[in-house]
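Just so it is clear, the structure is predicted and the values come from calculations on it, not from any experiment.
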Amino acid sequence: MSQKWSQTCRRVCMLQRVSNRTTNYRNIATSTPCKAKRSQSLAEADSRPVKDVRQMEFQSYNLNPYPRLATPPATAPMASISSIKQKWETTLEKAQKADQTVTLTGRITSKRESSNKLVFYDVTCDSHVMQVVVSRSTYQGSPEAFAQINKTLCRGDIIAVSGVPGKTNHGQLSIYATERLDLLSPCLHDIPKTKLNDAGKRFRNRHVDLLTNPDAIQTLRTRAQIIKFIRQFLDARGFLEVETPVLATLAGGANAKPFVTVANALDMEMQLRIAPELYLKQLVIGGLDRVYEIGKQFRNEGIDADHNPEFTTCEYYQAYGNLEGLLTDTETMLRTMVEDVCGTHQVKTRDGTIIDFSKPFRRINVLEELEQKTKQPLPNLEDADAVTNLLSICREQNIHVPQPHTVSRILDKLISGLIEPECIHPTFLLGHPLVMSPLAKDAVDEHGRSIAARFELFVGTRELINAYEELNDPDEQRKRFLRQQQDRIDGDGEAQMADHRFCDALEYGLPPTAGWGMGVDRVVQLLTENNHIREVLAFPVVRNE
């Protein structure tokens, strides 16, 4: 009795020490030097003593729960679950075992004890599942080692097992543990048996979400497939993949508000890029006729179903290209991409709409469509009262336009309110007023109006692609930047800032160039039937609780 009481006291003291150590770590993380607000993780919110009990158990067994991974012997080579299934699923009969030993690693997703001499585990690795049968009759370790390891292992633990592939009497392919059953890394908290439903918990604990939600893993796999396709498509057409700066003294190439930071070593303010466009065009000036970049952009703007402060784009620039070539190549890319990823030219959205990419994409002239929708001609956009007249049209159409009121912003609201909701199937919007495209080459429509040699591709009411012939006149580019500066003075914080160094680069001669940009995240949303951008990002930005 005295001995049992002594053991109990030692265990209580050990639990208390472990608990105090964990509390100290958390106190350090939330102390004054770590001032950033953060939300509580699922591990922190877990009040159950699972972690403390397991750590005490490891100490009492003198077990290292985080050993180095030992290279398996040649007699039991490492094998993946998929390779095991491919080799033995169809060759073994019921109750038959192979004549080869293999080593398998993975995470325990289920543990079923038939008796103290027979335990079944389901082990998952790389989204594949394999049953592991641990029987006292086939396990080559001592009875004590057999009992200890099977008592120690829990659902969620990561293990290594060496054994013989075989089929049970019911025909299920399994690994019969023989030589090795080792804990490689323990799971110190219970993993939910069903997927998390609360969006905040899901994305603040993305590792748990992925462990319980196979659809989330499949979305990330599809994302990788889409990016791989884009690279192959452009590489096959002679484009060179490049990398341009993410940190710059001036973020340009798009209408957006940048994130601002400070480079301490240089004692200067810097900005995270909002687009790689100006750098990529300088590479074309330098003699790289076809370049592209797939990378992260950062815009200090709101978060909604289509916008995340950090997102991925693909931009390419082709010397001696024009708008018609961009239109043709865009149709070809999207059509073949959908077939490659989905196995068909049709995509089904969450609401059941079938979007067909096999047909020629629809084309809409923006100015003509706006005049048809509003049943009146648009005012002269160069007039001093253009803003007043455009706002009058917006009021008639019940379209709210927040401050600041610039011609470009009002036109954008009219297009998004009257045209974009009808762009369910692949639709090119063309003929944008020049004022909306400060980096695009100008053209003249059949009515003599100045328009941009530009298009936007909308699918499922979302903008996927923006493309245009690049303005290569340095003096005209300076004038456009000055107009943008005036918009900034008038209160538009997203208007582009003048980049005079880029204008200087244009003086060395930019060939007639076609530029193209795709929102990769939105394409992934479309092809994975996800309505929110956070679903297609590995770690989206989530507001603190």
Side-chain angles (χ1 to χ4, degrees), residues 7 10-26 29 40-72 78 80-81 103-113 116 118-134 139 141-142 144-163 175 177-196 201 204-213 217:
Q7 291 175 348
R10 284 199 299 272
R11 290 187 177 184
V12 170
C13 291
M14 192 179 300
L15 276 172
Q16 187 63 47
R17 287 197 300 271
V18 171
S19 179
N20 289 341
R21 186 167 64 245
T22 302
T23 301
N24 289 336
Y25 292 153
R26 289 175 179 169
Q40 192 178 44
S41 68
L42 286 179
E44 288 178 306
D46 188 359
S47 60
R48 293 165 295 183
V50 176
K51 174 181 175 180
D52 294 341
V53 170
R54 295 210 68 192
Q55 290 180 328
M56 183 186 69
E57 185 179 33
F58 300 147
Q59 292 187 28
S60 64
Y61 285 146
N62 196 25
L63 173 66
N64 176 14
Y66 303 100
R68 293 185 61 202
L69 180 64
T71 302
M78 192 77 74
S80 65
I81 294 176
T103 298
L104 177 71
T105 55
R107 184 184 295 273
I108 297 173
T109 55
S110 174
K111 178 180 180 181
R112 304 177 299 280
E113 297 182 70
N116 59 2
L118 181 63
V119 183
F120 296 89
Y121 298 93
D122 286 337
V123 175
T124 301
C125 187
D126 203 22
S127 300
H128 297 281
V129 182
M130 175 68 67
Q131 178 175 267
V132 173
V133 181
V134 185
Y139 187 70
S142 67
E144 294 76 17
F146 176 88
Q148 177 185 317
I149 191 62
N150 283 290
K151 181 181 178 182
T152 301
L153 294 181
C154 296
R155 178 174 172 270
D157 288 350
I158 298 170
I159 65 169
V161 56
S162 295
I175 297 295
T178 55
E179 302 173 9
R180 177 184 183 188
L181 181 61
D182 295 334
L183 173 65
L184 299 181
S185 182
C187 179
L188 300 179
H189 299 277
D190 288 338
I191 298 174
K193 294 186 178 180
T194 58
K195 65 182 182 180
L196 302 174
K201 288 183 178 179
R204 292 187 191 98
N205 303 271
R206 190 61 153 146
H207 51 290
V208 180
D209 180 43
L210 295 173
L211 286 172
T212 60
N213 186 0
I217 290 180

Checklist entry - Looking at residues at least two apart in the chain, or sitting in another chain, which of them share a ring pair (Phe, Tyr, Trp, His ring centres under 6.0 Å) with Y139? => result F146

Item to check | R48 with D190: basic N within carboxylate O range, under 4.0 Å | outcome: yes

Checklist entry - Roughly how far, to the nearest 0.5 Å, is CD of Q148 from OG of S142? => result 8.5 Å

Checklist outcome for this item: Residue set satisfying side chain to side chain contact (heavy atoms under 4.5 Å, CB included) with L210, at least two apart, ordered chain then number -> R206, A216, I217, L220

Item to check | Distance (rounded to the nearest 0.5 Å) between S185 OG and L69 CG | outcome: 11.5 Å

Checklist entry - Quick one: side chain to side chain donor-acceptor pair (under 3.5 Å) partners of D126, sequence neighbours excluded? => result R221

Next on the checklist: In the structure I gave you, are the side-chain heavy atoms of I159 and L153 within less than 4.5 Å of one another anywhere?
Outcome noted: yes

Checklist entry - Should M130 and L104 count as side-chain neighbours, where that means a heavy-atom distance under 4.5 Å? => result yes

Checklist entry - So which pairs with a foot in residues 144-153 pass salt bridge (Lys or Arg N to Asp or Glu O under 4.0 Å), sequence neighbours left out? => result none

Checklist outcome for this item: Between T105 and A160, the two heavy atoms sitting closest are CG2-CB, 3.9 Å

Next on the checklist: So, using side chain to side chain donor-acceptor pair (under 3.5 Å) as the criterion, who are the partners of N150 when residues are at least two apart?
Outcome noted: Y121

Item to check | Residues that N116 engages under side chain to side chain donor-acceptor pair (under 3.5 Å), provided they are two or more places apart | outcome: none

Checklist outcome for this item: side chain to side chain contact (heavy atoms under 4.5 Å, CB included) filter on T103, not counting sequence neighbours, yields P72, A76, M78, S162, R180

Checklist entry - How about K111: does its NZ atom have over 12 heavy atoms from other parts shown lying under 6.0 Å from it? => result yes

Checklist entry - What is the minimum heavy-atom distance between C187 and R54, and which atoms define it? => result O-NH1, 3.0 Å

Next on the checklist: Can you give me the closest heavy-atom contact between L63 and T152, atom names plus distance?
Outcome noted: CD2-CG2, 3.9 Å

Item to check | Partner set under side chain to side chain contact (heavy atoms under 4.5 Å, CB included) for L211, not counting sequence neighbours | outcome: R107, I191

Checklist entry - Within the distance-only criterion (no hydrogens, no angle test), does the side chain of D52 pair as donor or acceptor with the backbone N or O of P49 below 3.5 angstrom? => result no

Checklist entry - What is the minimum heavy-atom distance between V134 and A177, and which atoms define it? => result CG2-CB, 4.0 Å

Checklist entry - What is the minimum heavy-atom distance between P192 and T212, and which atoms define it? => result O-CG2, 3.3 Å

Item to check | Qualifying residues under side chain to side chain contact (heavy atoms under 4.5 Å, CB included), relative to R112, sequence neighbours excluded | outcome: S110, F120, D122, Q131

Checklist entry - Nearest heavy-atom pair of N205 and L42: which atoms, and what distance? => result OD1-N, 2.8 Å

Checklist entry - Is the backbone of L184 close enough, under 3.5 Å, to the side chain of D182 for a donor and an acceptor to pair up by distance? => result no

